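Since the structure comes first, as structure tokens, the remarks are kept for the end.
Only a predicted model underlies this, so the values are computations on that prediction, with no experimental measurement involved.
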Amino acid sequence: MQSELEYRVITDAVQMEEVEMLQLAVWGEKNITPVPQLMAAIHNGGVVIAAYHEGKPVGFCYGFAGFKAGKSHLCSHMLGILPAYRDWGIGKQLKLRQREWAIAYGYEKMTWTYDPLEARNAYLNLCKLGGIVRTYMESYYGEMKDGINKGLPTDRFLLEWHLLGERATRGVEGVPLVESKWKDNPWVLDWQEANGYPHPLARGRVGEHDGMLLAVPAAIHSLKKEQLEIAAEWRMALRRMCQDAFAQGYIAVGLLKTEGPVHAYVLERIQEEGDV
């Protein structure tokens, strides 16, 4: 079925209206970017790409032009996929096509945000695409009351994707990003089980090792639904550890998957900018 998917760069208002309706189906009316804004963006350094199945849009990504420290970049603001299509690999394919477009347009870097507790997104962003994280933003969107964000501060990682860098090139080509060596890194943020649920457990101090592992729940959506207070524990524990680590020069470079109820972020000290 995946071979039947078609990807299109959206350039006209009629198709853009379909993208607006797709946003409504994915998130509801409070979180959409309307057609006039999308049309203005694509004429000023932005892009909208949609995935189609049997003639209807089932996923999309949207990015607009960004500018920081004297350099331009593409800010990939939204990526949404209908629930029935979320195991089709569409998210990665949209990002790859967005990367191709961005490089052709002249961008060398792309950024986007994601929830640090979303281990599935972390694996895609860090391990499959070769992005990095070195910025943690508290309550980035303020209080949100939708089903995904309700009840927790909207903390976000800022993902940096250096489009022509070694990590991005290897990730896009499917070359493993040295996951095997990460297994020996110490768990500075570990976990313990209590009443059938994983709770965060600090085991050391940030700064004692050049590489370290920070635990993150493997299934945060189930945890939020069943035990929101435990999800909040994870939010605060990961926030403290990451803010401390980034301030000391660490960068999140991967996600180590385990067989247990938690996975682990891999943080390492990167000495040279070219290493990312």
Seminar exercise, completed: Closest non-hydrogen atoms of Trp234 and Pro198, given as atom of the first, atom of the second and distance, are NE1-O, 3.0 Å
For this session: Drop me the distance from Gln15's CD to Leu38's CG, to the nearest 0.5 angstrom.
Result: 12.5 Å
For this session: Describe, in one word, how the ring planes of Phe157 and Tyr114 are oriented to each other, choosing from parallel (under 30°), tilted (30 to 60°) and perpendicular (over 60°).
Result: perpendicular
Exercise. Any donor-acceptor pair under 3.5 Å linking the side chain of Thr154 with the backbone of Gly142?
Worked result: yes
Problem set entry | Near-ring test Trp112/Trp161, centroid separation under 6.0 angstrom | yes
For this session: Determine, using the 4.5 Å side-chain heavy-atom cutoff (strictly less than), whether Leu201 and Leu256 are members of one ILVMFWY cluster.
Result: no
Problem set entry | Validation row: Cys242, Leu214 side chains within 4.5 angstrom (heavy atoms) | yes
Problem set entry | Met236 reachable from Tyr197 in the ILVMFWY side-chain graph, under 4.5 Å edges | no
Problem set entry | From Thr111 atom OG1 to His73 atom NE2, the distance as rounded to the nearest 0.5 Å | 3.5 Å
Exercise. Do other residues, nucleotides or ligands put more than 12 heavy atoms under 6.0 Å from Lys128 NZ?
Worked result: no
For this session: Decide yes or no for Leu255 and Val216: does some side-chain heavy atom of the first lie under 4.5 Å from some side-chain heavy atom of the second?
Result: yes
For this session: Check whether any side-chain heavy atom of Asn185 sits under 4.5 Å from a side-chain heavy atom of Glu268, and report yes or no.
Result: yes
For this session: Go through the steps for Leu238 and Tyr265 under the test side chain to side chain contact (heavy atoms under 4.5 Å, CB included), then give the verdict.
Result: CA-CA 10 Å; Leu238 200 58; Tyr265 277 108; 4.1 Å; yes
Problem set entry | Spacing of Leu74 atom CG and Phe64 atom CZ [to the nearest 0.5 Å] | 8.5 Å
Exercise. Do the side chains of Leu96 and Lys92 get nearer than 4.5 Å, heavy atoms only?
Worked result: yes
For this session: Apply side chain to side chain contact (heavy atoms under 4.5 Å, CB included) to Leu126 and Leu159, showing your working.
Result: CA-CA 8 Å; Leu126 300 173; Leu159 193 287; 3.8 Å; yes
Exercise. Using a side-chain heavy atom cutoff under 4.5 Å and only I, L, V, M, F, W and Y, what cluster partners does Ile32 have?
Worked result: Met21, Leu24
Exercise. Ile90 and Ala51: which non-hydrogen atoms are nearest, and at how many Å?
Worked result: CG2-CB, 3.8 Å
Exercise. Between Trp182 (side chain) and Ala264 (backbone), is there a donor-acceptor pair under 3.5 Å?
Worked result: no
Seminar exercise, completed: CZ (Arg86) and CD1 (Ile81) are apart, to the nearest 0.5 Å, by 7.5 Å
Exercise. Heavy-atom distance under 4.5 Å between the side chains of Leu152 and Leu117, does that happen here?
Worked result: yes
Exercise. Just wondering, are more than 12 heavy atoms of other shown residues or ligands nearer than 6.0 Å to CD in Glu108?
Worked result: no
Exercise. So Tyr107 and Tyr105, would you call those rings parallel, tilted or perpendicular, with 30° and 60° as cut-offs?
Worked result: parallel
Exercise. Hey, does the side chain of Arg269 reach the backbone of Gly249 with a donor-acceptor pair shorter than 3.5 angstrom?
Worked result: no
Problem set entry | Atom CZ of Arg8: over 12 foreign heavy atoms under 6.0 Å | yes
Exercise. Looking only at atom types and distance, does a side-chain atom of Arg235 sit under 3.5 Å from a main-chain N or O of Pro153, one as donor and one as acceptor?
Worked result: yes
For this session: Heavy atoms only: give me the nearest Tyr136-Phe246 pair and the separation to one decimal.
Result: N-CD1, 3.8 Å
Exercise. Looking only at atom types and distance, does a side-chain atom of His263 sit under 3.5 Å from a main-chain N or O of Thr258, one as donor and one as acceptor?
Worked result: yes
Seminar exercise, completed: In this structure, CE of Met212 is separated from CZ of Arg205 (nearest 0.5 Å) by 12.5 Å
Problem set entry | Nearest atoms (heavy-atom pairs only) where Gln93 meets Arg97 | OE1-NH1, 2.6 Å
Seminar exercise, completed: Ala102 and Leu163 have their tightest heavy-atom pair at CB-CD1, 3.7 Å
Seminar exercise, completed: Correct closest heavy-atom pair for Gly211 and Pro186 would be O-CD, 3.3 Å
Exercise. Ile42 and Ile10: side chain to side chain contact (heavy atoms under 4.5 Å, CB included), yes or no, with the steps?
Worked result: CA-CA 9 Å; Ile42 67 170; Ile10 306 303; 6.0 Å; no
Problem set entry | Check: Glu20 side chain, Val35 main-chain N or O, donor-acceptor pair, under 3.5 Å | yes
For this session: Would you give the length of the straight line joining atom NE2 of His77 to atom CD of Gln37, rounded to the nearest 0.5 angstrom?
Result: 9.0 Å
Exercise. Would you say the side chain of Asp244 lies within less than 4.5 Å of the side chain of Tyr250, judging by non-hydrogen atoms?
Worked result: no
Exercise. So, does Arg167 use its side chain to make a donor-acceptor pair with the main chain of Val253 at under 3.5 Å?
Worked result: yes
Problem set entry | Neighbour count >12 (heavy atoms, 6.0 Å) for atom CG, Asp12 | yes
For this session: Please determine if Arg156 forms a cation-pi arrangement with Tyr140, meaning its NZ or CZ atom is less than 6.0 Å from the six-membered ring centre and no more than 45° off the ring axis.
Result: no
Exercise. Quick one: does Leu82's side chain get under 4.5 Å of His53's, heavy atoms only?
Worked result: no
For this session: Mark yes or no for whether Gln23, through its side chain, and Thr33, through its backbone, hold a donor-acceptor pair below 3.5 Å.
Result: yes
Exercise. Would you find a donor on one side and an acceptor on the other, under 3.5 Å apart, between the side chain of Asp155 and the backbone of Ser139?
Worked result: yes
Problem set entry | Check: Pro200 and Leu189 side chains under 4.5 Å, non-hydrogen atoms | yes
